[in-house]
Asker: 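Encoded as structure tokens, here's the structure I'll be asking about.
Computed from heavy atoms alone, side chains included, the values below leave out hydrogens, waters and symmetry copies.
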Amino acid sequence: MKTYKKFRYYRLLFFFAIAIPLVGCSDLEENPDFTTQDNFFATAEQLELGVNAVYDGIGYGRDWFNHYYDRFVFECLVGYQVGWEKGPLDFQNGNVNPSDDYIATYWRISYENINRANAIIQKADQLKEEGAPNTALIDRVKAETMFLRAFYYYNLVRYFDNIPVTTQKTESDKDLPSNENGKRLALDLIEDDLIMAAAVLPESYSSGNVGRATKWAAMALLVKAYLQDEKWGEARTTAETIMTESGLDLFDDFAQNFSVADENTGERIFEAQVSSSANSGENQNYHQHFIPGDLPNDLGGVGWHWINSTQAFREKYDPNDKRIAGTFISEYPTTRVGPNSAGERPIVKWSADASYNLSRFGGMVSADADPNNPDELIFGNGWSAKYTEMGISNANLTEKNIVYLRYADVLLGHSEAANESGTGDPYLGINLVRERAGLDPLSGLSKELLRDAIVNERVMEFAMECEVYPELKRKSTFGGTPDYLGDYIQEFIDTYGVDRTLKAKDYVLPIPLNEVLGNPNVTQNPQYQ
């Protein structure tokens, strides 16, 4: 049970749109008597409601293909995480195109909320100029909004590279931004926004505001932005500030990162607030897509079971790695075979010896397994334990927040930045992460081998958290050295005989077709031209 309060999202969608076409209305003049941005945001408290709507976009929002689920589909490009439904299947087979629904929805959600953020930032400046009271709240809301704008831009640029960048609310088709030099412009804006946000945001909140962006969230995202920008010195010093001043530390148990009881505490720096018990429309659909396909319905088995990791990826973990229990479901009662001699549902356990292929049922226990023989009650799927909620009576009643920033990311970022810059202790962060995992510390590696180790540690730490594809992409060059992403994809192709050829398109997502057609200032990524 959650014993704290956290702020609730409010969906203020009535006047926020990514663009408002004005064709045929240029001569219309009237004095509106309905609620608009201009006549609603007249106080600091109303402005706070506006930023709540921007937070809403990182949770369930209003789309079934929402901000985080779309990214889970993108992860399938790597091939370590696979699915049988069309979306995940297309990505794992490398069949990605500009008209893809997941890409289009993700893009729209991101820019809708960037537009909302731009409007709130402009309004905050206006209210202060007009002498509105409660300037401290105005400043905090503006800083939260700048963090969120940076968050959306960051998660666009790492997938799409050159993206359209604007700091003004889009009101007509005359305001549509260009994506020329978009990656550079985006990174500059992200870094500036986060520096300013970190200077204003509090280190923590009282119970009613738990879940809002803090100073440490802004700085943790800034570390990631600096790494994306290869500003190694800035990334290292920013990470060191967090490590020495925040008081953050790793949980003793890795699984606490995904526990309902530990939400908004410890190393969990920033997360989307989810609680269907507080609001029936505020759940997350991760559970329904990642639960085992043969889990009994009364234990939360109702769903689609679209995505799991491959058996080969599950085998990459050191058997002594303590993260396994928090990353994968190792056993559960099955409905694939009948009751055992005691009249109970048999318990199936994961095994590297289980039969496995990429079909929908290819990793489940055999339907003709002996329910009384443990040697036959085995499965090969890498079912995710991170966001599934085993034992719930209704698969829609999900409570787990979606964690976007964790302290482990800061530690691994410090090691990467120290290694790449040749300054500081490059083993400090990674060895703390490995210690928690129960693994031996690293030492004495060359720069290249330590780089390999840090990349591998990121994959093991953040598997099935939407971080593997963009992180491998960031550290790879198609046809070059190193090429961690290419190595993963090729291994997947070779291991499972996938009809796919590694190509340049695998290293960047396409700009959505409707954006290219609707915005004359946007140019498609060259890999898709």
Asker: Partners of Tyr68 by ring pair (Phe, Tyr, Trp, His ring centres under 6.0 Å), sequence neighbours excluded?
Answerer: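 Tyr68 satisfies ring pair (Phe, Tyr, Trp, His ring centres under 6.0 Å) with no other residue.
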
Asker: Which residues pass the salt bridge (Lys or Arg N to Asp or Glu O under 4.0 Å) test with Glu515, sequence neighbours left out?
Answerer: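 Expected list: none.
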
Asker: When rounded to the nearest 0.5 angstrom, what distance separates CD1 in Ile163 from CG in Leu156?
Answerer: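 Here the interatomic distance stands at 4.5 Å.
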
Asker: Less than 3.5 Å apart, any donor N or O on the side chain of Glu399 or Ser275 sitting next to an acceptor on the other?
Answerer: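 Ser275 and Glu399 do have a side-chain donor-acceptor pair below 3.5 Å.
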
Asker: List in chain and number order the residues that pass salt bridge (Lys or Arg N to Asp or Glu O under 4.0 Å) with Asp483, two or more places apart in sequence or in another chain; answer none if no residue qualifies.
Answerer: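 Checked Asp483 against salt bridge (Lys or Arg N to Asp or Glu O under 4.0 Å); zero matches.
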
Asker: How far does CD1 of Ile269 sit from CZ of Arg406, to the nearest 0.5 angstrom?
Answerer: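 Going from CD1 on Ile269 over to CZ on Arg406, the span is 9.5 Å.
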
Asker: What residues, two or more places apart in sequence or in another chain, satisfy side-chain hydrogen bond (donor to acceptor under 3.5 Å, both in side chains) together with Ser384?
Answerer: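 Listed in chain order: Tyr286.
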
Asker: Sequence neighbours left out, what passes ring pair (Phe, Tyr, Trp, His ring centres under 6.0 Å) with Phe74? Give chain and number order.
Answerer: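 Applying ring pair (Phe, Tyr, Trp, His ring centres under 6.0 Å) to Phe74 gives Phe91, Tyr106, Tyr159.
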
Asker: Step through the shown structure and confirm whether more than 12 heavy atoms of other residues, nucleotides or ligands are within 6.0 Å of CG on Asp252.
Answerer: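 Incorrect, the count does not exceed 12.
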
Asker: Check whether more than 12 heavy atoms from other residues, nucleotides or ligands sit under 6.0 Å from atom CD of Glu85, and answer yes or no.
Answerer: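 Atom CD in Glu85 is crowded, with more than 12 foreign heavy atoms closer than 6.0 Å.
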
Asker: Once side-chain hydrogen bond (donor to acceptor under 3.5 Å, both in side chains) is applied, do any residues pair with Ser341, and if so which ones, sequence neighbours excluded?
Answerer: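 Scan of Ser341 (side-chain hydrogen bond (donor to acceptor under 3.5 Å, both in side chains), adjacent residues dropped) gives Asn372.
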
Asker: Donor-acceptor check, side chain of Tyr528 to backbone of Lys505, threshold 3.5 angstrom: yes or no?
Answerer: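 At least one qualifying donor-acceptor pair exists.
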
Asker: Could you tell me if Tyr153 and Arg149 have a donor-acceptor pair between their side chains, going purely by distance under 3.5 Å?
Answerer: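 The answer is no; no qualifying pair exists.
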
Asker: Are Arg434 and Asn431 close enough, and set up right, to give a side chain to side chain donor-acceptor pair (under 3.5 Å), and what steps lead you there?
Answerer: CA-CA 5 Å; Arg434 289 177 62 83; Asn431 281 340; 4.5 Å; no

Asker: Once salt bridge (Lys or Arg N to Asp or Glu O under 4.0 Å) is applied, do any residues pair with Asp90, and if so which ones, sequence neighbours excluded?
Answerer: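 Scan of Asp90 (salt bridge (Lys or Arg N to Asp or Glu O under 4.0 Å), adjacent residues dropped) gives Lys86.
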
Asker: Can you confirm whether the side chains of Asp494 and Gln490 place a donor and an acceptor under 3.5 Å from each other?
Answerer: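 Gln490 and Asp494 do have a side-chain donor-acceptor pair below 3.5 Å.
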
Asker: One pair to check against side-chain contact (heavy atoms from CB on, under 4.5 Å): Glu471 and Tyr484. What are the steps and the verdict?
Answerer: CA-CA 9 Å; Glu471 285 298 305; Tyr484 303 106; over 6 Å; no

Asker: Please enumerate all residues that pass side-chain hydrogen bond (donor to acceptor under 3.5 Å, both in side chains) together with Asp499, with sequence neighbours excluded.
Answerer: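 Partners of Asp499 by the side-chain hydrogen bond (donor to acceptor under 3.5 Å, both in side chains) criterion come out as none, since no residue qualifies.
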
Asker: With distance as the sole criterion, is a donor-acceptor pair present between the side chains of Asp294 and Tyr332 under 3.5 Å?
Answerer: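 Present: a donor and an acceptor within the cut-off.
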
Asker: Holding to ring pair (Phe, Tyr, Trp, His ring centres under 6.0 Å), I want the full list of residues that pass it with Tyr102, two or more places apart in sequence or in another chain.
Answerer: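 For Tyr102, the residues satisfying ring pair (Phe, Tyr, Trp, His ring centres under 6.0 Å) (neighbours in sequence not counted) are Phe65.
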
Asker: May I ask you to check whether over 12 heavy atoms, not counting those of Lys322, lie within 6.0 Å of atom NZ?
Answerer: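 12 or below, so no.
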
Asker: With sequence neighbours excluded, what pairs up with Glu75 under the side-chain hydrogen bond (donor to acceptor under 3.5 Å, both in side chains) test?
Answerer: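 Tyr80.
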
Asker: Report the relative orientation of the aromatic rings in Phe258 and Phe254; use parallel for angles under 30°, tilted for 30 to 60°, perpendicular for over 60°.
Answerer: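 Perpendicular: the ring planes of Phe258 and Phe254 meet at over 60°.
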
Asker: Tell me, please, whether Tyr488 has Lys316 positioned over its six-membered ring: NZ or CZ under 6.0 Å from the ring centre and within 45 degrees of its axis?
Answerer: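 Geometry flag: set, cation within 6.0 Å and 45°.
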
Asker: Who pairs with Tyr205 by ring pair (Phe, Tyr, Trp, His ring centres under 6.0 Å), at least two apart in sequence or on another chain?
Answerer: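 Per chain and number, Tyr205 pairs via ring pair (Phe, Tyr, Trp, His ring centres under 6.0 Å) with no residue.
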
Asker: Show your working on ring pair (Phe, Tyr, Trp, His ring centres under 6.0 Å) between Phe379 and Tyr356 and close with a plain yes or no.
Answerer: CA-CA 8 Å; Phe379 67 94; Tyr356 180 85; over 10 Å; no

Asker: Going by the side chain to side chain donor-acceptor pair (under 3.5 Å) test, which pairs reach into residues 296-306, not counting sequence neighbours?
Answerer: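 Residue pairs with at least one partner in residues 296-306: Asp298-Arg345.
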
